[in-house]
Structures are given as C-alpha cells and as structure tokens.
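Read the structure below first, then the notes.
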Number of protein chains: 4
Amino acid sequence: MRTVGSSREKTWPRIRTKGIDLICKTGFERMNLRKLAKESGIQVGSLYNYFSSKDEFLYKVICEIMSDLLATIEEAIEGTSNPVERLRIYVRTMVVWHCERRKEAYVSHNELKSLPKAGYNEVRSLRKRFEIILGDIVEKGCASGDFTVACRPVTVVAILNMLTSISEWYRPSGALRVELIVDTYEKLIGNMLLLKHQ
Amino acid sequence: MRTVGSSREKTWPRIRTKGIDLICKTGFERMNLRKLAKESGIQVGSLYNYFSSKDEFLYKVICEIMSDLLATIEEAIEGTSNPVERLRIYVRTMVVWHCERRKEAYVSHNELKSLPKAGYNEVRSLRKRFEIILGDIVEKGCASGDFTVACRPVTVVAILNMLTSISEWYRPSGALRVELIVDTYEKLIGNMLLLKHQ
Amino acid sequence: MRTVGSSREKTWPRIRTKGIDLICKTGFERMNLRKLAKESGIQVGSLYNYFSSKDEFLYKVICEIMSDLLATIEEAIEGTSNPVERLRIYVRTMVVWHCERRKEAYVSHNELKSLPKAGYNEVRSLRKRFEIILGDIVEKGCASGDFTVACRPVTVVAILNMLTSISEWYRPSGALRVELIVDTYEKLIGNMLLLKHQ
Amino acid sequence: MRTVGSSREKTWPRIRTKGIDLICKTGFERMNLRKLAKESGIQVGSLYNYFSSKDEFLYKVICEIMSDLLATIEEAIEGTSNPVERLRIYVRTMVVWHCERRKEAYVSHNELKSLPKAGYNEVRSLRKRFEIILGDIVEKGCASGDFTVACRPVTVVAILNMLTSISEWYRPSGALRVELIVDTYEKLIGNMLLLKHQ
DNA sequence: TATGAATGAGCATTCATTCAT
DNA sequence: AATGAATGAATGCTCATTCAT
C-alpha cells in the first residue's frame with residue numbers, strides 16, 4: 001500500500017538527511033539500507049527509486065556536498081583579489097561551513113575510501129580544487145610579499161587539514177562558539193603565513 | 001596439516017602487520033577475516049587463537065599503537081622542561097612517527113568508530129593524553145612568556161589535527177621528505193604560537 | 001528469481017511443518033537452517049522473514065503447539081463438572097492428541113532445554129497449566145469421594161508423564177491403534193486413582 | 001607442561017562426571033569439548049587420551065550407565081520368583097536409582113538421538129531389556145492370577161515411562177522425599193495391575 | 001512510487017579434531 | 001599423558017539487491 005502524499009520532493013531529502021546522520025553515527029559500511037529505510041519511513045525496496053545502489057547513494061551525497069562547499073567558497077572569495085583578504089574569507093567560510101554542516105562535512109571527508117574506483121577518482125579531483133584555490137591564494141600572497149612560507153605544499157595541506165578536521169571535533173552544544181573558532185583560526189593561519197614578521 | 005615451526009611469537013606479528021595493511025587499504029569494516037587469514041598464511045579459525053573477535057582485534061591493535069606513540073612522546077620530551085624546546089621535540093617526534101609508521105597511525109586515528117562502546121571510551125581517554133601533553137606545553141610557554149595564543153583549546157586541537165592528519169597524505173614514495181616536513185611543521189607551529197612577534 | 005505465487009500464507013506453514021519434522025529426526029541443535037530452508041523450498045536468508053533467530057523459531061513453534069493443546073484440553077473438559085467424567089475426557093483428549101500430533105508433541109516436550117532463558121520460563125508456566133488442570137480434577141475427585149490417592153503431587157506428575165511420553169513411542173504404522181491406547185490408558189489411570197477399591 | 005600427579009585413574013572419573021553434568025545442563029549437542037576440558041581441568045587435546053571422538057564419549061557414558069542400571073535391577077529381583085514381590089522390588093529399585101542418580105539417568109534416557117547409528121542400535125537393545133524384564137514379570141503375574149491387564153504392551157510401556165521420567169522432575173532439594181515416591185509408585189503401579197480388585 | 005517476500009553471496013564465529021612438541 | 005597452535009568444515013546470520021504486485 002502506497003503511503004498517501006509521498007513524493008520525490010519530500011522523500012529524497014529525508015533519505016539524504018537520515019543517511020548522513022547514520023553514516024556519521026556508524027560509518028558508511030555499518031549503515032545498512034534497512035536502517036536507512038526505517039529512519040526514512042519507507043520500505044527497503046523503495047530506496048531503489050532514489051538510487052541504484054548503496055555505493056551510488058554515497059557518491060551522490062558526497063558529490064552534492066562537495067559541490068555545494070566548492071560553490072560556497074568560490075562565490076565568497078570572488079569579491080576581491082587581495083590575497084590577505086581572500087585568505088581571511090577562505091578561512092572564515094571554511095570554518096563556518098564545517099561547523100554549521102559538520103555532519104555533511106564529516107561524511108564528505110571521511111568516507112571516500114568506500115567509494116568505488118570511478119567515483120573515488122572523480123571526488124578526489126573535486127577535493128583537489130580546495131587545495132588549488134588555497135595554494136593559489138598563498139602563491140599570490142607570496143608573490144605580493146604579504147606571505148612568507150618555508151614550503152608551500154606542506155603549508156597548504158597542513159592548513160587544509162586544520163580546517164577540514166573541525167568537523168571531527170566541533171559540537172554545536174560545546175563551549176566553543178563558531179565566532180571564537182573563526183577568529184582563532186584566522187589568527188593562527190595568519191601567523192602561519194606571515195613569516196616575515198618573525 | 002600444521003605448518004612446521006609455527007608459533008605464537010611468529011604468528012601474531014604477522015597477523016598484526018597484515019591486519020593493519022588491510023585496514024589501511026579497505027577500512028576495518030571491509031576487511032574480512034578470510035582475507036586476513038590468507039595474508040597471514042593461516043586458516044580463519046586459527047585467528048581466534050590470537051583474539052576473541054574481530055572487534056577485539058581492532059581494539060588490541062589500536063591500544064598497542066597508541067601506547068607506543070604515547071611512550072615515544074613522553075620519553076622524547078622528558079629530557080627538558082623548556083617549553084620552546086619541548087614543543088620542538090613534540091612536533092618533531094609526532095611528525096617523524098606519523099611518517100614512518102603512517103599505516104599504524106592511520107588505523108589508530110580513523111577506525112575508532114568501529115570500536116565497541118567500552119573499547120572506544122578507553123581509547124578516547126588514551127587519545128586525550130596527547131592533547132593534555134600539548135596543552136600543558138602551550139600553557140607553560142604562555143606562562144613563561146614564550147608563547148601567545150588567542151584561544152588555547154582551539155589552538156591545541158588545531159595543531160594536533162595538523163599533526164595526526166599527516167598519516168593521511170604522507171607517502172614514502174612522494175616528493176616530500178620527512179625532514180622537510182619536520183622543518184616546515186616546526187616553523188608553522190612556532191609561528192602559530194609566537195604571536196608576540198607580530 | 002523469486003518463486004511465483006509465494007506468499008506468507010503458504011510459506012510459514014511449510015517452514016513450520018518441515019521444521020518440526022527435522023527437529024523430530026535430529027533434535028533442534030542438529031537441525032540447521034540450511035536443511036530447513038532446502039526442505040521448505042526457499043533460501044536460507046528468506047527464513048529470516050519469518051523469525052529473527054533460530055531460537056525464536058523454536059520458541060514460536062513450541063508456544064503455538066502448547067497453546068493449541070491447552071485450548072483443546074480446556075474446551076474438551078468444560079462440558080462437565082463431574083470429576084470422573086472430566087478425568088476420562090482429559091485422558092482421552094491427551095492420548096488422542098499425542099498420537100495424532102506426535103511430532104509436535106515430541107518437540108514441545110523434549111526441546112525445552114534449547115529455549116533461551118526468557119522463553120524457557122514462559123513455556124514452563126504454560127506447561128504448568130496441564131499439571132494444574134489435572135491436579136484440580138484429582139482434588140475434586142478426592143473431595144467427592146470418587147478418587148483416593150496416596151500422594152497427590154506424585155500421582156499427578158506420574159500420570160502426566162505417562163501421557164506425554166506417548167509421543168515418544170507411538171507410531172501410526174505400529175500395531176497399537178489409537179483407540180486401544182485410549183481404552184488402556186483410561187483403565188490404567190482409573191485404577192491408579194480408585195484406591196478405595198483395594 | 002604436564003600437570004604433576006595426573007593419571008588415568010583420577011582424570012577419567014572427573015571427565016565423566018563433568019561431562020554428565022554439562023550434558024544435563026545444556027544437552028549433548030550444546031556441550032562442547034572446550035567446556036568439558038575446562039571443567040575437567042585439562043586441555044582440549046588431552047581429552048582424546050580418554051575417548052576417540054565426542055560421539056564415542058557419549059556412547060561410552062551411556063553404556064556404562066545402562067549396564068549399571070541393568071545389573072542393579074537383575075541383582076535385585078533375582079532373590080525371588082514371586083511376581084508380586086518381583087514387581088515391588090523392580091519398582092522400588094528403579095525409583096531409588098532414578099532419584100539417586102538422576103543426572104546419569106537423564107542422560108541415558110534423553111540423549112539417545114545423538115548416538116551414531118551403530119551405537120544407537122546397541123543401546124536400544126540394552127534399553128529393550130528393561131521392557132522385557134518388566135513384561136516378563138507382568139506376564140508371569142497374569143498367568144498366576146495376581147495381575148490383570150487390559151493390554152500388556154501398552155501397560156508395560158506406560159509403567160516404564162512413569163519410572164524413567166522421574167529423572168526429569170525429581171530434585172534432591174525438593175519437597176518430595178525418595179521414600180514417599182517409592183511408596184506412591186508401588187501403590188500406583190500395584191493398582192494399575194491389580195484390576196481384579198475392581 | 002511503494003511494498004515486502006525472496007535471493008544468494010558473504011561474513012564472523014564455533015568446534016571437533018589433529019599433531020608436533 | 002598433556003599441551004596448545006593449527007585445521008577446515010559447518011553454522012547462524014546479515015545484507016544489498018531484485019521483482020511481482
């Protein structure tokens with residue numbers, strides 16, 4: 001018997017949200033479609049109206065998340081070309097997004113290994129974009145004399161990990177407020193790059 | 001037919017090593033005991049002479065790894081009480097260990113969610129020790145006037161994540177040599193804390 | 001490929017019957033779900049649409065059987081309040097049921113020890129009902145002067161065991177017909193209780 | 001390392017006793033040799049110095065028990081040829097033995113289905129002896145005019161089951177003392193056979 | 001779209017048994 | 001006699017996936 005009032009528009013977001021919750025709680029491999037179906041209020045078989053396999057569900061979700069973050073970042077930094085300003089915006093945007101959407105962030109950063117080969121590579125190149133954007137900002141800043149770095153690749157990846165790992169420890173109910181984290185990160189990362197001040 | 005010359009002393013290290021390799025490659029959930037047995041050169045049933053469940057295997061392995069790292073760190077920093085010096089040693093030791101034993105590091109940092117409740121809590125408190133040690137160094141350095149930080153908890157966790165995530169991207173075959181990473185991390189983290197120089 | 005026309009209404013009775021047959025032949029512990037599935041004409045995994053564990057299957061089956069016997073007995077004796085008559089009906093009903101449904105009887109009497117603690121206790125209290133009903137008949141008969149017994153509890157349990165053990169030795173193909181057994185048991189049990197005639 | 005002081009004379013009785021206890025508690029199939037070894041204070045492998053397979057252990061134990069009971073019965077009744085007296089002795093001996101050695105009795109009556117074909121048949125013919133002895137007593141008693149029965153085979157098997165099932169409900173700690181059970185059974189079985197008194 | 005019975009491959013775990021020491 | 005690591009087959013159970021309705 002079909003539940004009255006069901007529709008793609010209502011059902012998919014519910015599946016997506018519940019799926020992300022479950023993956024956060026147990027990891028993708030441990031999440032099973034029975035649980036997902038139950039949480040979503042439908043039967044297992046019905047899930048297949050929304051994706052063609054469990055793996056594809058993960059791929060779809062991660063792509064959506066990463067694209068969203070990428071768009072958010074790109075939109076945020078496009079207003080200025082000043083490296084110092086761009087860095088500040090990049091950091092702020094990343095911190096806020098990783099706090100406010102920590103579950104999605106967590107999934108997109110920690111479940112890549114469960115993607116099938118093809119999807120994995122595709123997502124990897126999406127991920128690479130964040131590194132490129134940051135690397136570009138740093139490079140421009142060094143060229144302009146605003147930043148000084150010992151080793152750019154290491155510095156970039158270190159900063160990126162600092163940012164993405166926020167989703168692992170931030171808790172909305174915790175003592176650390178988002179604005180405090182933003183401020184601290186801005187200072188920390190500023191210090192990391194402004195070696196000329198030493 | 002029993003393999004001649006087999007013995008506990010030889011078999012467990014083989015299982016441990018192969019297990020860590022497999023977990024790195026596929027994640028703990030996807031690793032199955034058939035594969036582990038085959039890689040270890042024994043039969044599935046024999047694995048149970050070395051642990052009582054797949055979960056307990058993970059717990060045992062992670063405990064061993066974390067204890068080893070903790071001992072390494074504590075031994076390294078006990079030679080001096082100078083905060084600047086202690087920080088340098090802490091950073092160097094962490095970087096080197098995470099590079100040289102990146103697989104073990106990766107497992108101990110990324111598979112906690114697969115631990116059963118009890119083991120999870122125990123390992124969490126072990127993990128907390130690294131934070132406490134670093135927090136202590138930073139605190140002492142602030143007190144002595146060597147370091148300046150905007151928000152200590154955020155700073156500590158940011159540094160820690162920067163260090164532990166090395167195991168996710170470092171590759172022995174890559175272009176970045178361990179010494180370069182050590183040097184860069186020392187500078188980056190030094191900058192993060194020496195806010196007074198700004 | 002799913003067998004066309006399968007459905008809960010047809011499948012469960014098949015599983016139940018085949019399961020009882022297998023338990024009779026080999027005992028519950030030795031019965032395995034692969035055999036049960038094969039006999040039932042379905043795959044192992046499908047069994048779990050009908051019970052959640054092997055133990056629960058046993059519990060379900062035994063409960064069904066005991067409830068049925070209990071209902072049969074209670075319905076049969078409710079027509080009269082005369083102790084002598086009630087006893088005769090009780091004995092006849094038990095004998096006939098244990099002959100005609102000897103496999104179900106056998107399972108419900110001999111596999112209790114395989115039930116998990118909770119189920120065991122529940123079934124035990126169901127079983128106790130048969131003893132109570134018989135004990136009540138005997139008590140009323142003694143009060144009315146129809147029966148005389150040396151020791152009521154021992155007498156009741158002895159009679160009950162005489163009746164339930166029929167399922168262990170009765171064979172439909174054997175020489176002893178049901179009616180003969182009924183008659184003999186009526187006389188035997190009548191003699192056991194009519195001690196006043198001595 | 002061999003435990004000092006171990007010897008066949010001490011070890012086998014311990015294994016036998018612990019085995020019977022375990023079988024009573026869980027049934028033969030559920031009893032496993034690891035538990036048996038642990039309870040017996042030796043290693044699993046060592047059990048095979050005392051029997052060649054788990055099945056053979058059961059066979060050995062049941063044979064010992066049944067032979068003992070048979071010898072006890074035969075010795076007890078050989079003193080007289082009077083049917084009434086022989087019956088009384090048979091009943092008394094069976095009751096006492098089933099109370100005092102209820103665990104052994106339970107095993108020998110309830111685990112026959114776990115015996116391999118050959119052993120099963122052998123034990124069955126041993127078991128048959130009890131029926132024959134009782135049948136013989138009843139026959140002689142009918143011939144002499146002491147007993148009257150409606151149907152001898154049914155009567156014999158009913159009496160036998162009444163007796164052997166004592167091991168299922170008798171508890172040394174219970175309210176029913178052995179002597180009370182003996183007396184009651186003597187009267188009950190006397191009544192069953194002395195139909196002429198009606 | 002939704003249902004739910006069915007599939008079939010896969011998994012962790014158990015356990016009787018063997019055997020070099 | 002005793003040990004304990006090793007074997008290998010078997011078992012209960014899970015789960016992604018299919019598909020007739």
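To find a chain, count down the sequence lines: A is the first, B the second, and so on, and within it residues start at 1.
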For a quick check of understanding: with a heavy-atom distance under 4.0 Å over all strands, which category does D:Asn49 fall into, base, sugar-phosphate or nothing? base
Could you check how far [atom1] of [X] sits from [atom2] of [N], rounded to whole Å?
X: C:Phe57; N: F:dC13; atom1: CZ; atom2: P; value: 12 Å
X: C:Leu58; N: F:dG12; atom1: CG; atom2: P; value: 13 Å
X: C:Lys38; N: F:dA10; atom1: NZ; atom2: P; value: 12 Å
X: C:Tyr48; N: F:dT14; atom1: OH; atom2: P; value: 6 Å
X: B:Phe51; N: E:dT14; atom1: CZ; atom2: P; value: 12 Å
X: C:Glu9; N: E:dA5; atom1: CD; atom2: P; value: 9 Å
X: D:Leu47; N: F:dT3; atom1: CG; atom2: P; value: 10 Å

For A:Glu111, which residues count as a salt bridge (charged side-chain N to carboxylate O under 4.0 Å, His left out) partner, sequence neighbours excluded? none
Residues in salt bridge (charged side-chain N to carboxylate O under 4.0 Å, His left out) with B:Lys103, at least two apart? B:Asp21
Of the nucleotides [options], which one has an atom closest to the side chain of [X]?
X: B:Arg34; options: F:dT17, F:dT14, E:dA12; answer: E:dA12
X: B:Leu33; options: E:dT7, F:dG8, E:dA12; answer: E:dA12
X: A:Gln43; options: E:dT17, F:dT11, E:dG4; answer: E:dG4

State which residues pass side-chain hydrogen bond (donor to acceptor under 3.5 Å, both in side chains) with C:Glu122; sequence neighbours excluded, sorted by chain then number.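 Residues passing side-chain hydrogen bond (donor to acceptor under 3.5 Å, both in side chains) with C:Glu122: C:Tyr59.
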Looking at A:Phe28, I'd like to know if the NZ or CZ of A:Lys113 sits under 6.0 Å from its six-membered ring centre while staying within 45 degrees of the ring's axis. no
Using a 3.5 Å distance criterion without hydrogens, assess whether the side chain of A:Thr17 forms a donor-acceptor pair with backbone atoms of A:Arg14. no
With rounding to whole Å, what would you report as the distance between F:dT21 and E:dT1 at their P atoms?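 So the two P atoms sit 22 Å from each other.
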side-chain contact (heavy atoms from CB on, under 4.5 Å) partners for [X], two or more places apart:
X: B:Asn121; answer: B:Lys117
X: A:Tyr120; answer: A:Leu112, A:Leu115, A:Arg124
X: B:Glu64; answer: B:Trp12, B:Arg16

Which residues, if any, of residues 18-28 of chain B bring a heavy atom under 4.0 Å of DNA chain E?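 Result for residues 18-28 of chain B: none.
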Please report, to 0.1 Å, the donor-acceptor pairs under 3.5 Å made by any side chain of residues 39-49 of chain A, with sequence neighbours excluded.
unit_1  : atom_1 : unit_2  : atom_2 : d
A:Ser40 : OG     : A:Leu36 : O      : 2.6
A:Asn49 : ND2    : A:Ser46 : O      : 3.4

Dot-bracket encoding per residue of DNA chain F, Watson-Crick/G-U cut-off under 3.5 Å, | denoting interstrand: .||||||||||||||||||||
At less than 4.0 Å, is any side-chain N or O atom of [X] found next to OP1 or OP2 of [N]? Yes or no.
X: A:Tyr50; N: E:dA2; value: yes
X: A:Ser46; N: E:dT3; value: yes
X: B:Thr11; N: F:dA6; value: yes

Heavy atoms of other groups near B:Lys60 NZ, more than 12 under 6.0 Å: yes
For B:Gly45 and for C:Arg30, locate the closest nucleotide of DNA chain F by heavy-atom distance; then report the residue assigned to the nucleotide nearer the 5' terminus.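 By nearest-heavy-atom nucleotide position, the 5'-most residue is B:Gly45.
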